[in-house]
Amino acid sequence: MGPWEVAYDPSNGYLYVTDSGSGTVSVINGANNTVIATITVGSEPWGIAYDPSNGYIYVANFYSGTVSVINGKTNTVIATIRVGTGPTGVAYDPSNGYIYVANFYSDTVSVINGTTVIANINAGIYPGGVAYDPSNGYIYVADFGSDSVSVINGANNTVIATILVGQLPEGVAYDP
């Protein structure tokens, strides 16, 4: 597989693209649309999210069971965080500064504060896509194997609802 997901860092105008087949993240300068760096991360990087509170980019490495943390100022990996098995989707919650990572084969969502996992939340079967809704502070997780969406309250990191949806949901998006 090739390019998978993209995150944007407004502080420098760079786009970060997970290159799943090569275990790297490409950094694109949005001003001139050129690749300015290639950063080695874990195996099969998929999900990616930008945290404006610290300028870090969080990359879910599916086959490594880790999240690589990239410093957007230096474009270097500053930490590798062990999470569950098969991390896929990543989302940032600005209300608490946490990163939420869906672990596909662990049926959990890891909650990261900076570079530390502070909680693991049970989700449905094969959680994948993750999105944050600022209108209510909830994190929505598409549970591929359960045909459902888990709703996590970001204030206390607990699942407050499970919504049945169509077959095999993969992604979630928030539309303001």
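These numbers come from a predicted model, not from an experiment. FYI, the numbering just counts along the sequence from 1.
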Kindly write out the residues that satisfy side chain to side chain contact (heavy atoms under 4.5 Å, CB included) with A91, not counting sequence neighbours, or none if the list is empty. V130
Which atom of G124 lies closest to which atom of D107, heavy atoms considered: O-CB, 3.5 Å
Side chain to side chain donor-acceptor pair (under 3.5 Å) partners of T80, counting only residues at least two apart: none
Starting at OG1 of T162, measure out to CG of D147 and round the result to the nearest 0.5 Å. 12.5 Å
Going from CD on Q167 to OG on S146, what distance comes out if it is rounded to the nearest 0.5 angstrom? 12.5 Å
Kindly give the heavy-atom pair with the smallest separation between S110 and G84, and that separation in Å. OG-N, 3.9 Å
Minimum heavy-atom distance between P127 and T88, given as atom pair plus value: O-OG1, 3.5 Å
Listed partners of N29 passing side chain to side chain donor-acceptor pair (under 3.5 Å), at least two apart: none
D9: what forms a side chain to side chain donor-acceptor pair (under 3.5 Å) with it, not counting sequence neighbours? S11, N12, Y50
Is there a donor-acceptor contact under 3.5 Å from the side chain of Y58 to the main chain of G114? yes
Does any non-hydrogen side-chain atom of I48 lie less than 4.5 Å from one of V90? no
Go through the steps for Y105 and F62 under the test ring pair (Phe, Tyr, Trp, His ring centres under 6.0 Å), then give the verdict. CA-CA 10 Å; Y105 291 121; F62 187 79; 5.6 Å; yes
Under the side chain to side chain donor-acceptor pair (under 3.5 Å) test, which residues partner N33, sequence neighbours left out? none
The residue among I112, V117, N113, V83 that forms side-chain contact (heavy atoms from CB on, under 4.5 Å) with I99 is I112
Mind checking whether Y14 and V77 sit in one hydrophobic cluster, side chains of I, L, V, M, F, W, Y counted as touching below 4.5 Å? yes
Once rounded to the nearest 0.5 Å, what's the spacing between atom OG1 of T24 and atom CG of D19? 3.5 Å
Under a 4.5 Å side-chain heavy-atom rule over Ile, Leu, Val, Met, Phe, Trp and Tyr, are F104 and I125 clustered together? yes
Counting C-beta onward and ignoring hydrogens, is there a side-chain heavy-atom pair between V109 and V159 closer than 4.5 Å? no
If I compare all heavy atoms of P94 with all of Y132, which pair ends up nearest, and what's the gap? CD-CE2, 3.4 Å
Return the minimal non-hydrogen interatomic distance between V149 and V165, and the atom names on each side. CG2-CG1, 4.0 Å
Can you give me the closest heavy-atom contact between D143 and S150, atom names plus distance? OD2-OG, 2.5 Å
Residue set satisfying ring pair (Phe, Tyr, Trp, His ring centres under 6.0 Å) with Y98, at least two apart, ordered chain then number -> none
Under 4.5 Å between side-chain heavy atoms, hopping through other hydrophobics if needed: is there a path connecting V59 to L15? no
Atom pair CD1/CG of I70 and D51 - distance to nearest 0.5 Å: 13.0 Å
I'd like to check the side chain to side chain contact (heavy atoms under 4.5 Å, CB included) partners of S106; sequence neighbours left out, ordered by chain and number. T85, N103, T108
So, the side chain of S20 versus the backbone of W46: is there a donor-acceptor pair under 3.5 Å, distance only? no
Look at the side-chain heavy atoms of Ile, Leu, Val, Met, Phe, Trp and Tyr, link any pair under 4.5 Å apart, and say whether I28 and I36 land in one connected group. no
Side chain to side chain contact (heavy atoms under 4.5 Å, CB included) partners of T115, counting only residues at least two apart: V69, A79, I81
Mind checking who shares a hydrophobic cluster with L164, ILVMFWY linked at side-chain heavy-atom distances under 4.5 Å? none
